[in-house]
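Counting convention: from 1, in listed order, for ligands and their atoms alike. Heavy-atom basis, side chains included; hydrogens, waters and symmetry copies ignored.
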Amino acid sequence: MSYPYQIRSAEQYQAAYKKSVDHPEEFWSDVASHFQWRKPWDKVLEWDFKKPTIKWFSGAKLNITENCIDRHLEKLGNKPAIIWEPNDPEEYHRVLTYRELYNKVVQFANVLKNNGIRKGDRVCIYMGMVPELAIAVLACARIGAIHSVVFGGFSAQSIADRLQDAKAEFVITCDGAYRGNKEIPLKGVIDDALVQCPFVKRVIVLTRTRTAVSMIKGRDVWWEDEIKKVETQGNPDCAAEEMDAEDMLFILYTSGSTGKPKGVVHTCGGYMVYTNYSFVNVFQYQPGEVFFCTADIGWITGHSYIVYGPLSAGATSLLFEGVPTWPDAGRFWDVVDKHKVNTLYTAPTAIRSLMGFGLGPVEKHDLSSLKVLGTVGEPINEEAWHWYDEHIGKKKCPIVDTWWQTETGGILISNMAGITPGIPSFATLPLPGVQPILVDENGKEVEGNGVSGNLCIKFPWPGMLRTTYGDHERCRQNYFATYDNLYFTGDGCLRDENGNYRITGRVDDVLNVSGHRIGTAEVENAINMHTGVVESAVVGYPHDIKGQGIYAYVIYQGSSDHDDKLVRQDIAQTVARIIGAIAKPDKIQFVSGLPKTRSGKIMRRILRKIAEGETDKLGDTSTLLDPSVVEEIKNGKL
Ligand code: ATP
Ligand code: MG
């Protein structure tokens, strides 16, 4: 496969960027012409951010799975599409070639049809990270069913909420899932969820852990039995459903760090073009390389950069069932070594936690296959960036700091590996086709460089959300109503003297201390540089004199006989050195853990409530990984 739209130099980046702004329709139709369409589009773009309506490639017909699988069969049929690394390193790994993936997807697509699933039906997928999860996703796309993957760590209540919101009548799950030394009873959780969802007609259950499960007659069927039925029917094919470019491809609920999760809707044509385009450009993927994204397919990162982006590019995508710290903290490095991974794409939270184990687990493995490193999900603090650069990339691998959201479908702001320079803790530059703008509270554009403001995007890109499922008004309110004619990201941002973007945290989390705007990420970055600090989270609280004061929750692992008071002073001094006295935390609370979403993000809104003393108003905590942390913090003292 070749990628004629892959930008290969800084000059090409500049030229492409200019073209994408001056002639966006031409720019995107050039990119889109390298995909397989059943029928070309009538119009490249129609849009109105007020309503909002956004249509890319209208009138075009396609099926995304023909682009992710069928079109590769001739040349890449025997090449690996998916390498699967199981939770337990002793268990044998699996490799699925493009041909094998094709066979499995069409087979399971026929299973879906046999079970009454049709184009437009919503299918909830609640599975562990096994190859069949990717197969289920693609099989839905093959027949035009709308998948809604729910991360296999959510509770029964969270699943019930999502099933009801999506009005999903079909569920695909596993008996159980392995994660580290834990076994998660997925089917049991689904059974609990379905008590509140009598409208669910069919549950297809894959065997993974062989846990005892209850199978309800008429509702629950085994994946393996259904495959056998398809085999005896003797039709090995399943023609791909012809989809309109703007037909729904999937619904995915946001991670819920800022409030109740939103059912973000992506459509077939634009999402396909954008995930592929961003994949080959940001990571500079070259044919034959092994790409390892450590996210779960339950998050947008997994959708876009394990499944659709890599596969539509004919890449080899590594799918890992386990966790970074089991059987030991060297597991990622073991996987990289074993499968000769070329690109590793992970989250700052994972890097920070692995840093805590020192270099021992890293040094045991050969990481020389690595060419490119990436991060996503949160601002990466400088200390973690340098550790990743020195000890994992051995200072030879560009690090791409990719800023994007569930709503954006793919990466919007990032350096391109080896093409445009990376800067620690900066996402740097927008991809060609992306037009960021900073505005002040009143929506007035903040022009020039060396400024900060609220990050918005002023022109559509093909991968953007089209609506929030079943509630278009919520989509308008959330993203398009704050500022006229702009998509509002909810993130605060700084643009330096050279036009590089740095995400400073959620707008709600940008502090205003005595009239100075300070991002929570900036303060955390400085605190984390202090020796002994493992991780920190910063929020604002009402302060009589300053307007807002800075409250820091810090995980500290210094010497056991340390004096808390002195350490607090030292941390404040470190912040003063790095940012300035204005950013010194007013309060520092030592904690043993931070409240995180299941995708590993710090839930600052809960910490803010605690700092404000409103512990009875914590809001929706259903997406929290470990609620007991909140109790500890509430009861902790300064
Ligand atoms: P919710 O919208 O439900 O509160 P969420 O915003 O955490 O959940 P996601 O769509 O998974 O859900 O996360 C997107 C957010 O993650 C961005 O808006 C930004 O705040 C943060 N983010 C992602 N990548 C980066 C990055 N490279 N640098 C800084 N922040 C990032
Ligand atoms: Mg969000």
Side-chain angles (χ1 to χ4, degrees), residues 149 151 154 158 161-162 165 252-264 266 278 282 293 295-305 345-351 373-382 384-385 388 399-415 422-431 436 454-457 463-465 468 474-475 478-479 482 487-494 500-510 519-522 524-525 595-606 619-625:
V149 184
F151 171 57
F154 275 120
S158 307
D161 291 345
R162 286 162 180 71
D165 191 77
L252 183 64
Y253 291 86
T254 56
S255 75
S257 1
T258 57
K260 194 174 176 299
K262 302 166 273 277
V264 168
H266 286 288
S278 52
V282 170
C293 167
D296 193 286
I297 294 178
W299 309 117
I300 190 69
T301 307
H303 279 61
S304 301
Y305 301 111
Y345 187 31
T346 193
T349 173
I351 299 169
L373 302 176
T375 76
V376 59
E378 277 192 296
I380 179 162
N381 52 296
E382 280 177 62
W385 193 98
Y388 201 30
I399 299 178
V400 290
D401 179 350
T402 65
W403 174 84
W404 58 298
Q405 310 177 297
T406 308
E407 297 86 345
T408 69
I411 298 161
L412 293 196
I413 305 183
S414 172
N415 49 315
I423 308 170
S425 81
F426 278 73
T428 74
L429 299 172
L431 267 62
N454 298 347
L455 178 61
C456 296
I457 315 285
M464 74 186 298
L465 88 163
T468 43
R474 184 159 184 224
C475 171
N478 250 299
Y479 309 105
T482 318
Y487 167 79
F488 177 43
T489 67
D491 287 339
C493 185
L494 173 156
N500 289 298
Y501 291 85
R502 178 188 206 177
I503 308 302
T504 49
R506 317 290 178 140
V507 165
D508 292 347
D509 293 329
V510 173
T520 48
E522 292 175 274
E524 287 161 12
N525 183 42
K596 289 193 175 173
T597 63
R598 282 161 217 267
S599 55
K601 292 183 199 202
I602 299 168
M603 240 199 235
R604 287 187 190 69
R605 68 182 161 83
I606 289 182
D620 182 6
T621 53
S622 65
T623 60
L624 214 52
L625 185 63

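Counting atoms of ligand 1 from 1 in the listed order, those under 4.0 Å from a heavy atom of Trp404 are 14 (C), 17 (C), 23 (C), 24 (N). Atoms of ligand 1 lying under 4.0 Å from at least one heavy atom of Pro379, given by number and element, are 28 (N), 29 (C), 30 (N). Close contacts between ligand 1 and Ile503 involve ligand atoms 29 (C), 30 (N) [criterion: under 4.0 Å to a heavy atom]. For ligand 1 and Thr402, the ligand atoms under 4.0 Å from any heavy atom of the residue are 24 (N), 25 (C), 26 (C), 27 (N).
Residue Thr406 has at least one nitrogen or oxygen atom sitting less than 3.5 Å from a nitrogen or oxygen atom of ligand 1, judged on distance alone. Distances between N or O atoms of Asp491 and those of ligand 1 include at least one value under 3.5 Å.
No donor-acceptor pair under 3.5 Å is formed between the side chain of Thr406 and the backbone N or O of Ile300. Between the Thr402 side chain and the Ser414 main chain, no donor and acceptor come within less than 3.5 Å of each other. Under the 3.5 Å distance criterion, the side-chain polar atoms of Tyr305 are matched with a main-chain donor or acceptor of Ile411. With hydrogens and angles disregarded, a donor-acceptor distance shorter than 3.5 Å links the side chain of Thr489 to the backbone of Leu455.
Ligand 1 has at least one atom lying under 4.0 Å from a heavy atom of Asp401.
Closest to atom 26 (C) of ligand 1, if we only count protein heavy atoms, is Glu378 O, 3.5 Å. From the protein, the heavy atom lying nearest to atom 21 (C) of ligand 1 is Gly377 O, 3.3 Å. Closest to atom 7 (O) of ligand 1 among all protein heavy atoms lies Ser257 OG, 2.3 Å. The shortest contact between atom 11 (O) of ligand 1 and any protein heavy atom is with Lys601 NZ, 3.3 Å. Closest protein heavy atom to atom 4 (O) of ligand 1: Thr258 OG1, 2.4 Å. At the top of the distance list for atom 6 (O) of ligand 1, counting protein heavy atoms only, stands Arg506 NH1, 2.8 Å. Here the heavy atom of the protein found nearest to atom 12 (O) of ligand 1 is Ser255 OG, 3.2 Å.
Residue contacts with ligand 1, taken as heavy atom pairs separated by less than 4.0 Å, do not involve Ile380 at all. With a 4.0 Å heavy-atom cut-off, ligand 1 is reached by no atom of Trp299.
By the ring-ring contact (aromatic ring centres under 6.0 Å, His included) test, Tyr487 is found to be paired with Trp461, Tyr479, Phe480, residues two or more places apart in sequence or in another chain being considered. Residues meeting the salt bridge (Lys or Arg N to Asp or Glu O under 4.0 Å) test with Asp401, sequence neighbours left out: none.
The side-chain tip of Arg598 does not point at the ring of Phe151 from less than 6.0 angstrom away and within 45° of straight on.
Here the rule is side chain to side chain contact (heavy atoms under 4.5 Å, CB included) with Val510, and of Thr504, Thr520, Asp491 only Thr504 fits it.
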